[in-house]
Each structure stands twice: as structure tokens, then as C-alpha cells.
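Below is one structure, written out as C-alpha cells; the observations come after it.
All residue numbers in this chain count up from 1 along the given sequence.
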Amino acid sequence: MTTMLFRQVAAYAEWRKGIIESVANFRTWLESNDLSDPHIGLRLAHMLERLGEDRLRVAFVAEFSRGKSELINAIFFAGYGTRMLPSAAGRTTMCPTELGFDPEKPTAIELLPIKTRLSGGSVKEYRSFSDEWTSIGFDTNDAEKMKIALQHISETVRVGREEAERLGFAVEDDAEAQAYHADAEGKVEIPRWRHAVINFPHPLLEQGLVILDTPGLNAVGTEPELTLSLLPNAHVVLFLLAADTGVTQSDLLIWRHNVMVDSTSRRNSVVVLNKIDGLWDGLKSDTEINAEIGRQVRSCAAMLDVPQEQIFPVSAQKGLVAKVTNDNALLKRSRLGLLERALSEELLPGKRDIVRTTSERELEELHLHVRHLLLARLSGLQDQLNELFELRGKNKGVVKYMMGKINTEKLEFEDALQRYHAVRNVFATLSNRLFSRIDLDNLRRIAQNTHSAMDTAKFSRQLGDAMRGFFEAARNNLKQAALDSDEIAAMMEAFYRKFSVEHGLRLGSPPIFSFFRHQKGLDSLEEWSNTHLGSSVKLFSLRQGKLTQRFFEEIALQMRSLFEIANRDAEAWIKAIMAPMQSQIREHQAYLKQRLESINRIHQATDTLEDRINELMQMESALKTQIEGLSAAYLKITDSLDADPAADKRVA
């Protein structure tokens, strides 16, 4: 285990802990000062929950036999003195494997049977049903027994061709092909498990690191959740090549379709040119060997269209041996240290930026919301004081006039509230229309129509048209929902401004919302479908019933998940856009009522004027103290967000 990476991950965990403490203190301060409300409390609770569940995710992606498991062993588990994950020639990791630590779960490897694909449920859904998983416990103090337990991820099972295809595996007739193929008995060897989750208290995993080890091209293609959910959520993706083969056609397919999906992927990807020890030739000098490695790096960089600096030549196998045997010379020659340094430098800053940006935006909105509330209270209080100052020495007729004036303001505000309720009705209508676009029942109807069209299709072109129609209808719904959200935002912006001008409220601008990331998710889903199901080869090679089954088990399920997220995000925005207006209206109503009560009390007994002035001045002082306290509490949060998590952990 690299000391630098451990220190940086530990520093990040400490940084995140500091943010959690600051946010929790901020929430406590708001509650103790009676400045919280259900909306603010819910948003802060969600933020704390999100920060508490935050994980650093590193994914290893490659075609089989590129040395992914060996590299994981070398970087993270060399301290156990043996190979923890199975690593040998050929295929070893047969199913997507997550390594992490949850203290509330036993130390074990949990395995989801491959047959669960037949149910149509996603891996994400199955996580809620522990009885569907096979759990095998192990003792972390016994490295050999732990190694035996982890060997289960390499297990396979032989099934008939038809069953293999029903489970989503494309069976090739060519026995030499890298894809799954039937043997002389008509049996196909497939993974025994669909997904594996390894839970054990490794120091890095305890700090929140999650490692994802992926199988090769064929397994990636049969599990859309891997490429559409797990990989996009990784903060760094290590893409492995073999130095002796360079970039093969299957490598290029994985790179283009599963790794390099957008500009963010390019920034978060590290290319590892593994197995450089295969180029170590005893008849060549170190200069000649390094030149040959350099040529391979340049060639790979050109093929993948990435800078040469993004490619790290290493020998994972020699690096592991060097760490286990404490051979520093061999470790240096393996170049593993250079990759480890790059990994620590890439992983932490990128992840920190994501957490900081998301938290800053949300906390700033809450801070401004509460600040506007306090400033509105202060402004109202100062208006009351000015009115009372003017009443000093005045007769009861003037006081009565002031009462009439405030009553007039109150009636005008009540008239304005009628307009507010009218706007709320329009807001509700537009909101309902927005949600009808992304409603799951609506998506279900689109899916049913697509299913009927695919069932009745007589030609492969009609099958392709039906699948394209599914995406077109879903995309159109998202576009229409985006137009609805724009209309809501424009209407509320105008109403915020009008209400602020007419009644002196401090509303600022309503929060904005975009369906862009959901539309990008749909684009990625369609690209996956076109590659794995909608290509001309698949349309001709897969039986109609099998193609329809795979489309709805894999694509429609992922689309439902995407729309569920869109619904949740839109609902949170709808609540957020109305909360400031509702708070300010309540405040203004209370302010007018308080003014009227003050003048009325003074009208009834003029000797209470000075008492009321003193009372309001004390309230003014308390409000100013609250505003200063709010600024101080918010400053503590921004300080914790801006802190350098590695400042005290840097390696000299």
C-alpha cells in the first residue's frame, strides 16, 4: 500500500469530516436562533447524509488479461505479502467486483448469482435484498483463507447455449473468438456470479475508498449498469493496456464506448501501459529498453488521442514482487511509484472539487435565504422605530392616522396575496405539467408502446425503428420538461422582482434548474443501446424475442432509473423555488401585524411609547448580532471547504 496515497486519502477523510462538523454546527446555530424551517432543515439533513455516504471511487477497466487484478494487488494489497485478488494468465475477474468497507456489515464477500438477470431487476435494486446474495465470510488475520474466499470471483458455470443467451451473453460459433462460445457438448462457460461486493477493514477502504475491478469487453457489454452507472460515478478510471500488444481493436472499443464518453472522462482517466517487464530483454541496454517503451507510449497516445503524459508504463507484477520482497531497485524499475503518485494527485483534487463545488452552491443558497430573511426583519424593525420616533410628542390624532396608514398597507398586501395565490395556482399547473412529462406512468406507456412495436416487427429495420422511437419519445419528454422548467423560472423571476419592489422584500433571484445532466444520461444510454443491441449485427444475429427481452431488461430499466432521478431533482427544485417567497410573505405578514399592534398599544396608552422604542431597539441589536453570527457561521463552513486536505499530510 502506497504511503502517499494512504496519507492523502486519510487527509481527504479528515477534510470531509471537518465539513460535516461545520454544516452540523451551522444547522444547530440556525435552530437555536429560530432561523430554520422544514425546507432548510431537510436540505441540510440531505447534505449531511450525502457527505456521510461520500466515497472515493477508483475503477480499473480493460480487456481481460491486461493485469487489472494484479495492479490492484500491487497498489493496495502488497502489505498482505501475497496476491489477495486472483491474478493469473487468462480471465480471472469474471464479474464486476467492488471493494469497500461498511462497518455495519460483516467482513465477507457477497456474490449475486448470474441467474438474477432473468428477473429483470438491476444490481442496484438487488442491493436491498440481502437474501438474494451468497455471503462468504473470511478472517482478515489469515491472508491465505482470505485469498481463498476472494477466489470466488473467478468462478464460472457451464450452461446450455440457449440459457447463456437468455442470461445476456452473446455466443459465438467461432471457438477461437474471445467471446463466449459453445464447446463440443453444446455448453457455454459463463460467469457464475453477476456482481461481487467485498467488505473488509483495509486502511484505505476504511477511509472511504471504493475500488471497482471490471471484467473484459464481453462482460462489460452484458451489464449496462456497469457502464451507465458505476463507471460514470468513478472519480478516476485506470484504463489498462498490455505493453506487448499495444492498443488492440477490443481495447479501442472499450476505450471509446465505456471510458472516453465525454470531456470529464478525459480529465479523470489514467492510461496504464502494463507488463513492460515483457520488454526487458537481457540482450538490450536500459537505454534501448526505455526507447522501446517510449515508442509504445507514443503509439498508444496517438491511437487513444491522449497526451503522452497521461500514459504510465508499469509492471504491476514486478511492482508487487518488489513490495513483498522489499526490493527497492526492482520497485523503481517497475515504475509503479510514478503511477501511484499520479493516482494520488489525480484522485483527491478531482473528488475534492466535486464535493466543494456542490456544497458551496447549496450552502450559499441557504445562507442568502436566511440572510435576506434577517435583513428583511431588520429593515422592518427599523421602519417601526422611525415611525415611533416620529410619534414622540404627537397627539392621539397623529397616532390614529398612523394606524390607518398601516391598515391601508395591510389591505394592500392582502390584495397582493391574492395575486400571489393566483401565481401559485399557475405555478402548480406548470409544475404538474412538468412532472407529467417525466412521470413514471408516462414512461411506462412509452415502454408498452415500444414493446408492442417490437413484438409485431417483421423486419430488423422495424425493430431498430421501435428502439429509436423509445429514445425519441423519452428525449422529447425531457425536452418538454426543460421548457416547462424554463417557463416556471421566468415566471418566478418576474414575480420575485415585482413583489420585492412593491413591498420591499429581499428575495434575490430564484434558484435555476437544468435537465442537462439527465439528457446527457439519456444520450449515454442510447449510445450503449446502439452499440450492444441496435447495431446491424445484433439486429440480424439476435432472435426477435431475445432482442426485445434484453432491451427491456437492460435499457428500459436504466431509463426508469434515470427518470426517477429526474423526478427527485425536479421535486427538490420546485420546493426550493417557492420556499424563499413563502418565508418572506410570512415575515411580512408578521411585520405588519407587529407594527399595527405597536401603534394600537401606543394609541391606547401613550406612556408606553418609550417602552416600545426601547423594546424594539433591543430587538434591533439582537438582530444585528444574529446577522453577524450568521456571517461567522457561514465563514467557518467556507473555511472548511477551502482548506487544503493534504496540507498537514504531505510527504516530505
**Item:** Side chain proximity check, H195 to W133, heavy atoms < 4.5 angstrom
**Value:** yes
**Message:** Go through it in stages, so that I can follow the logic: the residues are R50 and E362, the test is salt bridge (charged side-chain N to carboxylate O under 4.0 Å, His left out), and I'd like the CA-CA distance, side-chain angles, deciding distance and then a yes or no.
**Reply:** CA-CA 12 Å; R50 188 171 64 245; E362 191 159 6; 3.1 Å; yes
**Request:** Please report the closest heavy-atom contact between A342 and F312, naming both atoms and the distance.
**Result:** CB-CZ, 3.3 Å
**Prompt:** Parallel, tilted or perpendicular: which describes the rings of H39 and H369, with under 30° parallel and over 60° perpendicular?
**Reply:** perpendicular
**Smallest separation among heavy atoms of V259 and F239, with atom names** = CG2-CD1, 4.0 Å
**Message:** More than 12 heavy atoms of other residues, nucleotides or ligands under 6.0 Å from CD1 of I512: yes or no?
**Reply:** no
**Request:** From the options N199, I198, L209, select the one residue that forms a side-chain contact (heavy atoms from CB on, under 4.5 Å) with F101.
**Result:** N199
**Asked** Any idea which heavy atoms bring S640 and S22 closest together, and the distance?
**Response** OG-OG, 3.4 Å
**Message:** Can you tell me how the ring of F200 sits relative to the ring of H202, calling it parallel under 30°, perpendicular over 60° and tilted otherwise?
**Reply:** perpendicular
**Prompt:** Out of curiosity, Q480 CD to R437 CZ, how far, rounded to the nearest 0.5 Å?
**Reply:** 4.5 Å
**Item:** Charged N-O contact under 4.0 Å between K636 and D639
**Value:** no
**Prompt:** Taking only residues two or more places apart in sequence, or in another chain, which ones meet D486 in a side-chain hydrogen bond (donor to acceptor under 3.5 Å, both in side chains)?
**Reply:** none
**Prompt:** Passes side-chain contact (heavy atoms from CB on, under 4.5 Å), I488 versus I574? Steps please.
**Reply:** CA-CA 9 Å; I488 290 172; I574 289 295; 4.1 Å; yes
**Prompt:** Any sub-3.5 Å donor-acceptor pair from K68's side-chain atoms to T214's backbone N or O?
**Reply:** yes
**Request:** Drop me the distance from L366's CG to F26's CZ, to the nearest 0.5 angstrom.
**Result:** 6.5 Å
**Message:** Any non-hydrogen side-chain atom of V210 less than 4.5 Å from a side-chain atom of L99?
**Reply:** no
**Prompt:** Between D484 and L430, is there a donor-acceptor pair closer than 3.5 Å when you use the side chain of the first and the backbone of the second?
**Reply:** no
**Message:** So does A482 get a backbone contact from the side chain of S485, meaning a donor-acceptor N/O pair under 3.5 Å?
**Reply:** yes
**Request:** For L562, check side-chain contact (heavy atoms from CB on, under 4.5 Å) against everything at least two apart and list the hits.
**Result:** L478, H518, L522
**Prompt:** Looking only at atom types and distance, does a side-chain atom of D439 sit under 3.5 Å from a main-chain N or O of F435, one as donor and one as acceptor?
**Reply:** no
**Request:** List the steps, then state whether side-chain contact (heavy atoms from CB on, under 4.5 Å) holds for V236 with L238.
**Result:** CA-CA 7 Å; V236 173; L238 276 75; 3.6 Å; yes
**Prompt:** Listed by chain and number, what are the side-chain contact (heavy atoms from CB on, under 4.5 Å) partners of E620, not counting sequence neighbours?
**Reply:** L378, L381, Q382, L385, K624
**Within-4.5 Å side-chain heavy-atom neighbours: I211 and F60** = yes
**Request:** Measure from the side-chain N and O atoms of N33 to the backbone N and O of L35, and report whether any donor-acceptor pair falls under 3.5 Å.
**Result:** no
**Request:** Check whether any side-chain heavy atom of M146 sits under 4.5 Å from a side-chain heavy atom of D139, and report yes or no.
**Result:** no
**Check: W15 side chain, R352 main-chain N or O, donor-acceptor pair, under 3.5 Å** = no
**Message:** I want to check something: taking the side chain as every heavy atom from C-beta on, are S36 and R27 in contact at a cut-off of under 4.5 Å?
**Reply:** no
**Message:** If we ignore hydrogens and angles and just use 3.5 Å, is the side chain of S621 paired with the main-chain N or O of M617 as donor and acceptor?
**Reply:** no
**Prompt:** Considering only heavy atoms from C-beta outward, does the side chain of Y12 approach that of D54 to under 4.5 Å?
**Reply:** yes
**Asked** Got a donor-acceptor contact below 3.5 angstrom from the E125 side chain to the S122 backbone?
**Response** yes
**Asked** Any ion pair linking E493 and R497 (charged N to carboxylate O, less than 4.0 Å)?
**Response** yes
**Salt bridge flag under 4.0 Å for residues R55 and E98** = no
**Message:** In the structure I gave you, are the side-chain heavy atoms of R43 and K575 within less than 4.5 Å of one another anywhere?
**Reply:** no
**N477 (side chain) donor-acceptor with I438 (main chain) under 3.5 angstrom** = no
**Request:** Mind checking side-chain hydrogen bond (donor to acceptor under 3.5 Å, both in side chains) for S431 and listing every partner two or more places apart, or none if nothing turns up?
**Result:** none
**Asked** For L48 and A24, which heavy atoms make the closest approach, and how far apart are they?
**Response** CD2-N, 4.0 Å
**Prompt:** To the nearest 0.5 Å, what is the distance between CZ (R361) and OG1 (T357)?
**Reply:** 7.5 Å
**Asked** Any side-chain heavy-atom pair from I109 and V197 closer than 4.5 angstrom?
**Response** no
**Where W573 and P511 come nearest, the two heavy atoms and their spacing** = NE1-O, 2.9 Å
**Prompt:** Should we count CG of D642 as having more than 12 external heavy atoms under 6.0 Å?
**Reply:** yes
**Message:** List the residues meeting side-chain contact (heavy atoms from CB on, under 4.5 Å) with S135, not counting sequence neighbours, and say none if there are none.
**Reply:** A108, E110
**Message:** Quick test of your reading of the model: are R568 and E564 salt-bridged, counting only N-O distances below 4.0 Å?
**Reply:** no
**Message:** According to side-chain contact (heavy atoms from CB on, under 4.5 Å), who are the partners of S359, at least two apart in sequence or on a separate chain?
**Reply:** L51, V355, L363, L641
**Request:** Indicate the atoms forming the closest heavy-atom contact of P201 with T107, along with that distance.
**Result:** CD-OG1, 3.6 Å
**Message:** Looking at L557, is its backbone amide N or carbonyl O close enough to the side chain of S561 to form a donor-acceptor pair, meaning the two atoms are under 3.5 Å apart?
**Reply:** no
